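Please read the structure below before turning to the comments.
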There are 2 protein chains.
Amino acid sequence: MSAIAAALGVSAATVSNALSGKGRVSPELIEKVRAKASELGYVPSLTARALRTGRTGVLGLVLPDIANPLFPQIAQAIENAASNAGYGVLIANSRGDIAAQTEAIGRLLERGVDGMVIVPRRGTRIADVGCPVAVIDTPSTPGNTVSADHWEGGSQMGRHLAELGHRKVLLIGTSASSNVQNDRVGGLKAGLGAQVECDTMWIEKVEAVSGEGCPLGLADKARAGFTAFAAVSDLSALRALTELQRAGIGVPETVSVTGFDDLIWSAVVTPALTTVRMDMATIADLAIAALIRAIEPEGEAENGAEEVSTGNVISETDRVPMQLIIRQSTAAPYAGRTPNLHASTPNTPTAGEITS
Amino acid sequence: MSAIAAALGVSAATVSNALSGKGRVSPELIEKVRAKASELGYVPSLTARALRTGRTGVLGLVLPDIANPLFPQIAQAIENAASNAGYGVLIANSRGDIAAQTEAIGRLLERGVDGMVIVPRRGTRIADVGCPVAVIDTPSTPGNTVSADHWEGGSQMGRHLAELGHRKVLLIGTSASSNVQNDRVGGLKAGLGAQVECDTMWIEKVEAVSGEGCPLGLADKARAGFTAFAAVSDLSALRALTELQRAGIGVPETVSVTGFDDLIWSAVVTPALTTVRMDMATIADLAIAALIRAIEPEGEAENGAEEVSTGNVISETDRVPMQLIIRQSTAAPYAGRTPNLHASTPNTPTAGEITS
DNA sequence: ATGCTCTGATTAAACGTTTAAGCACGAATA
DNA sequence: TATTCGTGCTTAAACGTTTAATCAGAGCAT
């Protein structure tokens, strides 16, 4: 920057003003400065700027169990939204335990992030950490900034299943302590309506008894009359799907299987999974926007309130709708009441056809 | 820091020296400074330090298609290794195209990262970017810093299959232009040995003809005598597994299916997938170590070479072994020559057993 | 006693910005 | 004609460190 100033015979301050458009600089000079800057290949030192202004232009992203297959989607969406807004993204993982989570938050704070988005480990509440925080969890948890409307997504899926004619469905979740899973289950039940019988299986509980990775006994359930298995995540859906297939139970001819999140493999397995997808892009946009609103000084806020708020930030809309994606893993139940049984599943050839 | 200096009646420089142990400070004073520092809850300003020293303590991580399900593993391992070494990790995604990749690199550079680890989009070569770079690709590509020994992993898997008695196996990859997939295929062929017949199917090619997500026609292949389907990634393996199951072909009783990478679902599907896992933790450690070696001034390098190198950095070992994980999706072929056919698959009950 | 070296500390500059305050000058106002 | 004002720029301080250079004093050999 001083090089530009020297080359043009002006002061460094003027160059700064010219480039930022803040002070009073003549239009012609601004042009000359711009020209010289790009001629010299000037890139501002974000470090120096950070030191002076106290803002680093970096946001932290803390994720719970990083092994979560949803992570790529989230990270990508956040990174995208942040970099569109001119911010960088520093990652930190709070693998599992709460101690690691607070430690990760501490590390981000030390690096001077201007704010952070946290998708909390299930059940944890984020205390005031000393910088603006956007929490992505589920609308029903207090302190949530923005998230997918998991309840409504479940309800869409429930209606889909009910409309197909299912009257006895098994809901499958992993952990009963997860807010988002509970919301999804709640929505599912609501969408299915009062006239359909449903039961909920929490995988964590059956694994506590029978060991990790144990069979879920889904074939028995099918024999007991369940015609649909609505998992609350695609991973569980995949588990259900393969277990049923292995047992020789046709999906979707005999029973239907559904998931949540539209993970990478959902479209690729046979039969392709019917699922519901969250709109991570707009969730990320909203979260970042809320964060930035808290970070950057409000133009009109003349009086007081100069401090950036240091707690959880809020968004104008805290829930964004999910999208039902109907693929091949759902159909009317084998003994369904719908008359056009086969017509409703044109894309699902029988085993014989698929191998021909 | 000046607060500490004032409280103790010494100069700020002395405090700095005391805390860093660099200058000449009396032991007692060092103690007092330490005490005062923690009493006052002093945290150094990394920004100011960065401005002064020119090093930010931040590493960049640029990932190819961020939707890659391997991403969580990589990100977690890198973040872990970096933060153990006292560095932060800034992420950037080069979704697909090369332009985005160079743009992402540029953004990281602007933020003043001290170095970056790049897992390149398949086929791209990383030019000198102006800071130390660790490339994680595959040992056979030039410029690679460190990576899993994909070839050797393939060879392990090949031997496993050959030992089980398979004599005709189908290799399944997605893209023929991927270096790591080619290495895996090469290793597979070598491990299978000369006496087993094998064919390679590139999914990208069949999808170019039949459309994305089309059936792969694997049942036909099974009927044509292939007894094992060795995919070069777990995603393809999953696709193969479900397609075969759907067609009523038993895995592993009739044919075996294997994958690569031990992704999240591999252990959870039925039958659990036999696969080979890469040791991302030590890969990340090596990459970060190599990077840091290039970044931090060598203690003994008195003369010249003060500049940090600005190109691809090298590691003492460029390949780390993969680990074969044998689960339930592999067994001797139905018509195999091995006499103890059933004894070799104790963990794989038949369909009838699993549903009892 | 004088000069030398070693020790423990201080001073001051520097990193590259931003920004409040000041200054000179010409135009508009009284 | 004297005062005020707006414009276009400069000066200087500040952000919080690090580090080279300097310095005062003590111990020690000459």
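Letters A, B, ... mirror the listed sequences (proteins, then strands); counts begin at 1. This is a predicted model, so every value here is computed, not measured.
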Rounded interatomic separation in angstrom, taking [atom1] from [X] and [atom2] from [N]:
{"X": "Ile4(B)", "N": "dT10(C)", "atom1": "CD1", "atom2": "P", "value": "14 Å"}
{"X": "Tyr42(A)", "N": "dG16(C)", "atom1": "OH", "atom2": "P", "value": "10 Å"}
{"X": "Asn17(B)", "N": "dT17(D)", "atom1": "CG", "atom2": "P", "value": "14 Å"}
{"X": "Glu28(B)", "N": "dG8(C)", "atom1": "CD", "atom2": "C1'", "value": "10 Å"}
{"X": "Ile30(B)", "N": "dT7(C)", "atom1": "CD1", "atom2": "P", "value": "14 Å"}
{"X": "Arg55(A)", "N": "dG16(C)", "atom1": "CZ", "atom2": "C1'", "value": "17 Å"}
{"X": "Glu110(A)", "N": "dT17(D)", "atom1": "CD", "atom2": "P", "value": "12 Å"}

Quick check: does any side chain N or O of [X] sit under 3.5 Å from a backbone N or O of [Y], one acting as donor and the other as acceptor?
{"X": "Thr145(A)", "Y": "Val135(A)", "result": "yes"}
{"X": "Asn17(B)", "Y": "Lys22(B)", "result": "no"}
{"X": "Asn144(B)", "Y": "Asp137(B)", "result": "yes"}

Quiz item: OP1, OP2 of dA9(C) versus side-chain N and O of Ser26(B): anything below 4.0 Å?
Solution: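 Yes.
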
Checking all strands, does [X] fall into the base, sugar-phosphate, or nothing category for heavy-atom contacts under 4.0 angstrom?
{"X": "Val43(B)", "value": "sugar-phosphate"}
{"X": "Leu46(B)", "value": "nothing"}
{"X": "Arg24(A)", "value": "base"}

Self-check item: Leu51(B) vs Pro27(B), nearer the 5' end of DNA chain C by closest nucleotide
Solution: Pro27(B)

Quiz item: So which nucleotide from dG8(C), dT10(D), dG16(D) ends up closest to the side chain of Thr14(A)?
Solution: dT10(D)

Quiz item: Which nucleotide, dT17(D), dG22(C), dT17(C), lies nearest any side-chain atom of Met1(A)?
Solution: dT17(C)

Exercise. Give the minimum heavy-atom separation between Ala92(A) and Glu79(B), together with the two atoms involved.
Key: CA-OE2, 3.4 Å

Quiz item: Would Thr141(B) and Thr138(B) satisfy side-chain hydrogen bond (donor to acceptor under 3.5 Å, both in side chains), going step by step from the backbone distance to the final call?
Solution: CA-CA 6 Å; Thr141(B) 74; Thr138(B) 185; over 6 Å; no

Quiz item: Would you call Glu31(B) and Lys36(B) a salt bridge, using N to O less than 4.0 angstrom?
Solution: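 So Glu31(B) does not pair with Lys36(B) through a salt bridge.
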
Quiz item: In terms of side-chain geometry, is the basic nitrogen of Glu110(B) or Arg107(B) positioned less than 4.0 Å from the acidic oxygen of its partner?
Solution: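 Looking at Glu110(B) and Arg107(B), the cut-off is not met.
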
Quiz prompt | Of residues 5-13 of chain A, the positions that come close to DNA chain D - non-hydrogen atoms, cut-off under 4.0 Å | solution = Gly9(A), Val10(A), Ser11(A), Ala13(A)

